Number of protein chains: 2
Amino acid sequence: MITHLSQQVDLKKVSLPDYHSESFAEGIYRVFREAILSLDFKPGEIIRKRPICQKFGVSRTPVADAMLRLESESLVEIIPQSITRVAKLSLRSIHDESFLREALEVAAVAYAAKHRTQEQVDNLISNLRSQKLFAESKDLNAFYQLDEKFHLIILECCQVSNLPATLEKLSTQVRRARLLLLPNPSRINNTVNEHEAIVKAIQMGNPDSATSAMRSHLQQLIKHLEPLEKQCPELFNV
Amino acid sequence: MITHLSQQVDLKKVSLPDYHSESFAEGIYRVFREAILSLDFKPGEIIRKRPICQKFGVSRTPVADAMLRLESESLVEIIPQSITRVAKLSLRSIHDESFLREALEVAAVAYAAKHRTQEQVDNLISNLRSQKLFAESKDLNAFYQLDEKFHLIILECCQVSNLPATLEKLSTQVRRARLLLLPNPSRINNTVNEHEAIVKAIQMGNPDSATSAMRSHLQQLIKHLEPLEKQCPELFNV
DNA sequence: TAATGGAAACTAACATGTCAGATTATAGTT
DNA sequence: AACTATAATCTGACATGTTAGTTTCCATTA
């Protein structure tokens, strides 16, 4: 695990060129955040700081700083005087996050339907076309990327500079849950249809039908979640 | 400033009894967060770590940890190898935060209108009655407290455990801007009327009129903001 | 007077040592 | 064999020394 990470992230050689002014602590924070969100580190997995220091060739200070920051985002759980572990999932938290996510995405899609430009609509249509291609070829990862991009395009319509970043910060549990649900190819066709309904509503400039289409789209997640908890209970709390 | 703080927060004597298991870093974080949000520290004010260490009788490590955490919430700005200062306000950020705030509060009030209990409605009505009393006696601070409580009651209807905390984290600029606008007694009566419209919509179980009442209530803030920037430009960015 | 150069005094970032609480392993008891 | 007490070994919290980058300010120069 850590070996794999260190291949990706030898800070001095690979990552730094694009992040010249970044501190060690920031780099480690960024790398671990991405590793946790992409499930390279499993929920509940214990993070040992000392081996990390060795692998990265830094002292304990920047590693501790990075973990502190991850804790403040609920991505890791630091048990004082004891251990640090990756935050587990919980149905409760996922429900909470889903409420926040729905509130923001619904507000965004309503704004998008009201203020859309032709370029934005074209982007959505083009994205949707690609989705259909990858849905046919059952390329789950490519489809997932397009799905994320689809929602990003809508969020960006609002011109609220940190809206995508904010939503990502609020959706750490949901994002990991979605990744766990990914190997479910039967959802793809339904997803495309739901996306299509959203695009049509935006195109027609109808915020009401856009919001209800987005709402029912997002609520699909919860339905598929409870089987997941039974499938891998070790990733969940309580 | 710091003298005043240290009176409030001599960690060893005053604050710790209620927070036995809290680390120095957490305590300092908590104290400074509250001091910044309540404008005891002005936006743009430089925070010097060394005097803080002395006042609190701790080393630089917990102070640095606390500042790191405040930075990740955009409450302070750490300039690498240089200084740390309280984050300034900016109209851009306040607009962004207002979008997020509106999205969440509108979603909450819609939920409240759909799922209200008699007890919740009673709480709102009782809160509103108190608001009217303090509005007449022009007690701005008491009114502000009730205003916050009013919105809190609505948020709590959703039973999303971290909704109030999340909104607070997303509204650090808005909260400080509202405090700056506080000495404006002419707004109070309008505010009460807007609150009353929200309560009536919730009471009638009408989510549509509840959302539109909440929306127009929240949008009042922006209108009063631009004069503020002209009044105290040193608190704002660019 | 205005501009520039450089030293001094700041700061945050980082390395490292120490300590106390928590966990785990082990030995002893029932 | 199951339970408890204790010792060894983890961990994170904190103190402190060092380093390198920034800012400040004053002297020098155009």
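Since this is a predicted model, take the numbers as computed values, not measurements. Lettering of chains follows the sequences in order, A, B, ..., and the numbering in each one begins at 1.
- Taking atom CD1 of residue A:I52 and atom C1' of nucleotide D:dT11, one finds them 13 Å apart after rounding to whole Å.
- Within 4.0 Å of B:A25, counting heavy atoms only, lie sugar-phosphate atoms of the nucleic acid but no base atom.
- Every residue meeting the ring pair (Phe, Tyr, Trp, His ring centres under 6.0 Å) condition with A:Y111, not counting sequence neighbours, appears here in chain and number order: A:H115.
- Atom CD in A:E22 sits roughly 19 Å away from atom P in C:dA12 (whole-Å rounding).
- Nearest nucleotide to the A:K49 side chain, out of D:dG12, D:dG21, D:dC14: D:dG12.
- Atom CD1 in A:I78 sits roughly 17 Å away from atom C1' in D:dC10 (whole-Å rounding).
- Of all the residues in residues 67-77 of chain A, not one reaches under 4.0 Å from DNA chain D with any non-hydrogen atom.
- Heavy atoms from other residues, nucleotides or ligands lying under 6.0 Å from NE2 of B:H95 number 12 at most.
- Taking the charged nitrogens against the carboxylate oxygens, A:R92 and A:D96 do have a contact shorter than 4.0 Å, which makes a salt bridge.
- A:I79 places its CD1 atom 7 Å from the P atom of C:dT23, with the value rounded to the nearest Å.
- Note on A:S59: a side-chain N or O is less than 4.0 Å away from OP1 or OP2 of C:dA15.
- The side chain of B:S82 sits closest to D:dT23 out of C:dT23, D:dT23, C:dC14.
- For the residue pair A:N127 / A:Q131, a side-chain donor-acceptor distance below 3.5 Å is found, with atom types taken as modelled.
- Rounded to an integer number of Å, the gap from B:I47 CD1 to C:dA12 C1' is 14 Å.
- OP1 or OP2 of C:dA12 lies within a sub-4.0 Å distance of a side-chain N or O belonging to B:T84.
- Relative to the side chain of A:F24, the nucleotides D:dG12, C:dC14, D:dC14 differ in distance, and C:dC14 lies closest.
- Taking a cutoff of 4.0 Å between a charged side-chain nitrogen and a carboxylate oxygen, B:R175 and B:E168 qualify as a salt bridge.
- A donor-acceptor contact closer than 3.5 angstrom is absent between the side chains of A:Y29 and A:E22.
- Listed nucleotides: D:dG21, C:dA15, D:dT18. Nearest to the side chain of B:R60: D:dT18.
- Distance CD (B:Q81) to C1' (C:dC14): 9 Å, rounded to an integer number of Å.
- For the pair B:I46 CD1 and C:dT11 C1', the interatomic distance rounds to 11 Å; values are reported in whole Å.
- For B:F56 and D:dA15, the CZ to C1' distance is 17 Å, given to the nearest whole Å.
- Between the side chain of A:R48 and the base of D:dG12 there is no donor-acceptor pair of N/O atoms closer than 3.5 Å.
- Listed by chain and number, the residues in a side chain to side chain contact (heavy atoms under 4.5 Å, CB included) with B:S171 are B:E97, B:R101, B:L167, B:V174 (sequence neighbours excluded).
- For a distance-only test at 3.5 Å, the side chain of A:T61 qualifies as a donor-acceptor partner of the base of C:dA15.
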